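Heads up: the structure comes next, in structure tokens.
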Amino acid sequence: MKPYFWMMKFTPQKEWIERKGLLLWLAFFFTEIGAGLYLISMLFDFWKGCWVGWVLGAILGGVVHVLYLGRPERAWRAILRPGKSELSRGVIVIMLFSLGGVLQMAPSLGFFEAFSSWVFSWPFKSIMGILCILMIVHGHLTMHGFSSIPFWTSAVFPMIGLTSGIWAGSQLTLLLVVLFSEVGIQAAVEPIAVISLAAYAFFTLYLYWSSFESSAAAKASAKKALVGDLASAFYGGVVFVGFVIPVAVSVLIGLRTDFGIGLSTLIVIRALCALTGDLVFRYVILKSGKYNPLIYSNVFKG
Amino acid sequence: MSRWGMIINLNTCIGCYNCMVACKQEHFLPMGVFFSRVLVGEIGEYPSPQKLVYPVLCNHCKDAACVEVCPAGATFKREDGIVVVDPEKCLGCRSCLIACPYQQRTFLEKQMAEHFPGQGLTPYEEIGKQLYPLEKGTVVKCNFCAERVDAGLEEGLVPGIDRLATPACVISCPTHSRHFGDLDDPRSNVSLLIRKSKAFPLHPEYGTQPSVFYILGQS
């Protein structure tokens, strides 16, 4: 785009997906899958899963969030306006999750065992569950708050965040179940995985369908993903790897047909596809965010 | 209290880019950073195409989206309506950049480099570094030349009337297409012009109540 054509057409946002902005994409991803894993693992008292979830969400997600900032040494300032800024609220939630996670998991390592009855009780688990859900939707909710990018303001945006987080979390849990050979949980997690995948697919379809009925900028964003330069990433990464393969594998698991591959292998394949699809979908969503032009011109179409 | 605002007359603007250059000079802006820009576009088709020239800058909105989303309180609105960024508080999260529907903010990714690589800063650049120490990793934007406005008011001058108290882009305009003044004063030059010329802000549907207005097609 030539400099003098700036803001004459639907301008893509770049700050949150190019150069250092790629770190925010990863930060949102790690906090979402980490919290998803923690939530599902906590429901089934699978504490090894909780540990991995905590490391992914709080440590990796938190550190990458800070590294993304232009002035990381001022990161503490991000908590100053929770009443106004969604980013501020998200950072506070990550901090509370980090603290709560340590308290809850310490007894499993032999520390603070006196508190074990309290941290494993349902009230504390409920608090941690709420924190996990808030962390899962943190990325999508942050984007949802920017009315300048109409595609992100769709009402289903937070729901996509929630369902994709639970879906990715369930897959990571199953992956760890296979790795740690705790197969007893697998049958219980499976229904959560299937329901969250169905909801995730439904909300994704709804997002793109509704964007075509929405503002011109939202439509331009959807077109960028469906028929534009992001089409290969969308159809290859999101649709095929993220939805088609997991659905096929889920059917095979449901029918108890593994073609000799083995159930564990199927679970690993599905989990890796789910995580890849989720990561690519986040990229597509961030990359396809577009602003309305400041001045309309018929030099450009769409 | 005043609420400073600007009016740009598109009927008389000749698209000379003088405002852009004056702004860069005034704030010692590094390469690639603009507080004031001139957008050029076309509408209509042969045989009656029309060229559009829109000078744009931060709208210093009354209900500024950038102020709302800043998690650190680094972007704030002064009592006189000028939206400014405190470089000491900005953490470089770029939420304000995403939130601004007018795209009038810039993230300063690199420290200001010398214009002639390897030859050190020119005397002009050294002065700029002292007067406007733009910080790497923070967000920068137009501040309606708040330092000129403040200094002028201290000396009893009237912004928009006296050159020393008026933004650089306004006083540098060769066709007097830019006007600066108090929007809250019904007798100010800008308030009178808005009423007389039916001036309009860019995209009022965004609901941010910009303080920059445009005149087009009315005399």
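Everything quoted here is computed from the prediction, not taken from an experiment. Here is how names work: the chains are called A, B, and so on, in the same order as the sequence lines, proteins then strands, and each is numbered from 1.
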Legend entry - Within the 6.0 Å centroid threshold, strictly below: F28(B) and Y124(B): yes

Legend entry - Segment of E15(A) engaging chain B (4.5 angstrom heavy-atom cut-off): both

Inset, instruction - For residues E147(B) and Y132(B), determine if any side-chain heavy atom of one lies less than 4.5 Å from a side-chain heavy atom of the other. - result: yes

Inset, instruction - Under 4.5 Å, counting heavy-atom pairs only, tell me which of P49(B), P87(B), G207(B) racks up the most with chain A. - result: P87(B)

Inset, instruction - Measure distances from C100(B) to the heavy atoms of chain A and classify the residue's part below 4.5 Å as side chain, backbone, both or neither. - result: backbone

Legend entry - chain A contact via A99(B) - side chain, backbone, both or neither, heavy atoms under 4.5 Å: both

Legend entry - Region of W76(A) that comes under 4.5 Å of a non-hydrogen atom in chain B: neither

Inset, instruction - Could you tell me which of I149(A), L87(A), V91(A) has the largest number of non-hydrogen atom pairs under 4.5 Å with chain B? - result: L87(A)

Inset, instruction - Examine whether an atom of R19(A) lies under 4.5 Å from a heavy atom of chain B, and if so say whether it belongs to the side chain, the backbone or both; otherwise answer neither. - result: side chain

Inset, instruction - Indicate, with yes or no, if the rings of F151(A) and Y208(A) have centres closer together than 6.0 Å. - result: yes

Inset, instruction - Return the option, out of S88(A), G145(A), G70(A), with the maximum number of heavy-atom pairs under 4.5 Å with chain B. - result: G70(A)

Inset, instruction - With a 4.5 angstrom heavy-atom cut-off, could you sort out which part of Y68(A) is near chain B: side chain, backbone, both or neither? - result: both

Legend entry - Name of the residue among R3(B), K62(B), H60(B) meeting side-chain hydrogen bond (donor to acceptor under 3.5 Å, both in side chains) with S211(B): R3(B)

Legend entry - Heavy-atom contact with chain A under 4.5 Å, split by part of L202(B): side chain

Inset, instruction - Could you tell me whether R77(A) and D86(B) have a side-chain N and a carboxylate O separated by less than 4.0 Å? - result: no

Inset, instruction - Please confirm whether Y54(B) and Y214(B) have ring centers closer than 6.0 angstrom. - result: yes

Inset, instruction - Count the heavy-atom pairs under 4.5 Å between each of P101(B), C70(B), A65(B), G73(B) and chain A, then report the option with the highest count. - result: C70(B)

Inset, instruction - Verify the ring-centre separation between F28(A) and H65(A): is it less than 6.0 angstrom? - result: yes

Inset, instruction - Would you check if L57(B) and I8(B) make a side-chain contact, meaning some heavy-atom pair closer than 4.5 Å? - result: yes

